[in-house]
Asks: 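My questions will all concern the structure given below.
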Amino acid sequence: MKYREFGKTGWNASEVSFGAWAIGASWGTVDDNESIAALHKALDMGVNFIDTADVYGDGHSEELIARVLKERNQDDVYVVSKAGRRLNPHVAEGYNAENLTSFVERSLKKLDTDCIDLVQLHCPPTEVYYRPETFAAM
């Protein structure tokens, strides 16, 4: 596995990451045992960067990631998640401190951790980029 410095974080992140959208099972039948095996295989191969979101299977992918990391007792994996896509309606005003805090706290519980390595805004409307209060909340 090849690794790269991830911005200014000091992380040495794998060039190949594990995208956890499909293991959430939102778009078809997915077997949890196969998903867990895929996560284990990725980690065995040196992947140390896992990308998920609170809406992937309504948090199911986060729960599976938590389970695998707990089974492995592995701390050297970066887990990144996204917040904001569960807004309904999905509007810029929804990207506020109250909602973002709620989404992140929910992800922390699903991931069974007290820290998410990176939280990203999930598909924000363009207007969000011009709302300093959103970035202050982050």
Side-chain angles (χ1 to χ4, degrees):
M1 180 62 63
K2 292 182 182 178
Y3 300 88
R4 292 186 186 185
E5 186 175 339
F6 190 82
K8 297 178 183 178
T9 64
W11 301 352
N12 201 21
S14 55
E15 289 185 352
V16 174
S17 68
F18 186 95
W21 169 70
I23 69 172
S26 294
W27 294 93
T29 304
V30 178
D31 181 270
D32 283 352
N33 291 324
E34 289 180 11
S35 297
I36 289 167
L39 275 163
H40 278 294
K41 182 66 173 179
L43 294 168
D44 290 345
M45 299 296 292
V47 169
N48 70 351
F49 193 93
I50 300 174
D51 174 79
T52 190
D54 60 349
V55 294
Y56 295 172
D58 194 27
H60 188 63
S61 70
E62 293 174 324
E63 292 169 337
L64 292 175
I65 291 163
R67 180 174 161 188
V68 167
L69 293 179
K70 188 169 285 197
E71 286 174 6
R72 295 176 73 98
N73 194 26
Q74 192 163 353
D75 293 327
D76 61 341
V77 175
Y78 306 110
V79 177
V80 303
S81 196
K82 300 176 216 60
R85 196 64 189 107
R86 62 186 327 101
L87 289 168
N88 188 10
H90 187 236
V91 295
E93 294 76 24
Y95 284 79
N96 59 51
E98 181 180 359
N99 286 335
L100 292 170
T101 298
S102 173
F103 299 154
V104 170
E105 286 178 355
R106 185 176 186 273
S107 288
L108 288 166
K109 287 178 184 161
K110 296 278 186 177
L111 287 163
D112 194 21
T113 188
D114 59 359
C115 178
I116 299 171
D117 296 303
L118 173 66
V119 175
Q120 302 171 91
L121 298 178
H122 200 176
C123 302
T126 301
E127 182 185 333
V128 169
Y129 297 112
Y130 301 97
R131 298 175 61 89
E133 60 272 22
T134 299
F135 295 96
M138 294 296 286

Asks: Ala83 and Leu100: which non-hydrogen atoms are nearest, and at how many Å?
Replies: CB-CD2, 4.3 Å
Asks: State, with a plain yes or no, whether a side-chain heavy atom of Leu111 is found less than 4.5 Å away from one of Leu69.
Replies: no
Asks: With the threshold set at 4.0 Å, does a side-chain nitrogen-carboxylate oxygen contact exist between Asp51 and Lys82?
Replies: yes
Asks: Out of curiosity, does Val79 fall in the hydrophobic cluster containing Ile36 (side-chain heavy atoms, cut-off under 4.5 Å, transitive links)?
Replies: yes
Asks: Which distance, rounded to the nearest 0.5 Å, do you find between the CD1 of Ile50 and the CG of Leu39?
Replies: 5.5 Å
Asks: Show me the donor-acceptor pairs within less than 3.5 Å that the side chains of residues 10-18 make with the rest of the protein, sequence neighbours left out.
Replies:
residue: Ser14; atom: OG; partner: Val16; partner atom: O; Å: 2.7
residue: Ser14; atom: OG; partner: Asn48; partner atom: N; Å: 3.0
residue: Ser14; atom: OG; partner: Asn48; partner atom: OD1; Å: 3.1
residue: Glu15; atom: OE2; partner: Arg4; partner atom: NE; Å: 2.7

Asks: Go through the structure and list residues passing ring pair (Phe, Tyr, Trp, His ring centres under 6.0 Å) with Tyr3, not counting sequence neighbours.
Replies: none
Asks: To check you understand the geometry: which heavy-atom pair defines the closest contact between Ser107 and Asp54, and what is its length?
Replies: OG-CB, 3.5 Å
Asks: Do you know which two heavy atoms are closest between Val77 and Asp117, and how far apart they sit?
Replies: O-OD2, 3.5 Å
Asks: For atom CE of Met138, is the number of surrounding heavy atoms from other residues, nucleotides or ligands below 6.0 Å larger than 12?
Replies: yes
Asks: Determine the minimum heavy-atom distance between Ala20 and Ser61, stating which atoms define it.
Replies: O-CB, 3.4 Å
Asks: Can you run down the side-chain hydrogen bond (donor to acceptor under 3.5 Å, both in side chains) pairs that involve residues 84-98, sequence neighbours left out, and say none if there aren't any?
Replies: Asp58-Arg86, Arg85-His90, His90-Tyr95
Asks: Do Val119 and Leu87 belong to the same hydrophobic cluster, where Ile, Leu, Val, Met, Phe, Trp and Tyr are linked whenever their side-chain heavy atoms lie under 4.5 Å apart, directly or via other members?
Replies: yes
Asks: What about Val91 and Tyr130, same hydrophobic cluster or not, with Ile/Leu/Val/Met/Phe/Trp/Tyr joined at side-chain heavy-atom distances under 4.5 Å?
Replies: no
Asks: Might you point out which heavy atoms bring Gln120 and Val80 nearest each other, and give the distance in Å?
Replies: NE2-CG2, 3.9 Å
Asks: Indicate if Tyr56 and Tyr78 have the same hydrophobic cluster label, given that clusters are the connected sets of ILVMFWY residues with side-chain heavy-atom separations under 4.5 angstrom.
Replies: no
Asks: To the nearest 0.5 Å, what is the distance between CG (Asp112) and CD (Glu62)?
Replies: 11.5 Å
Asks: Which pairs pass salt bridge (charged side-chain N to carboxylate O under 4.0 Å, His left out) with one or both residues in residues 127-138, sequence neighbours excluded?
Replies: Glu127-Arg131, Arg131-Glu133
Asks: Test of understanding: with side chain to side chain donor-acceptor pair (under 3.5 Å), list the residues that count as partners of Asp32, not counting sequence neighbours.
Replies: His60
Asks: Under 4.0 Å between a side-chain nitrogen and a carboxylate oxygen: does that hold for Arg67 and Glu71?
Replies: yes
Asks: Sequence neighbours left out, what passes ring pair (Phe, Tyr, Trp, His ring centres under 6.0 Å) with Phe49? Give chain and number order.
Replies: Phe6
Asks: For residues Phe103 and Leu108: do they belong to one hydrophobic cluster (side chain heavy atoms under 4.5 Å, members Ile, Leu, Val, Met, Phe, Trp, Tyr)?
Replies: yes
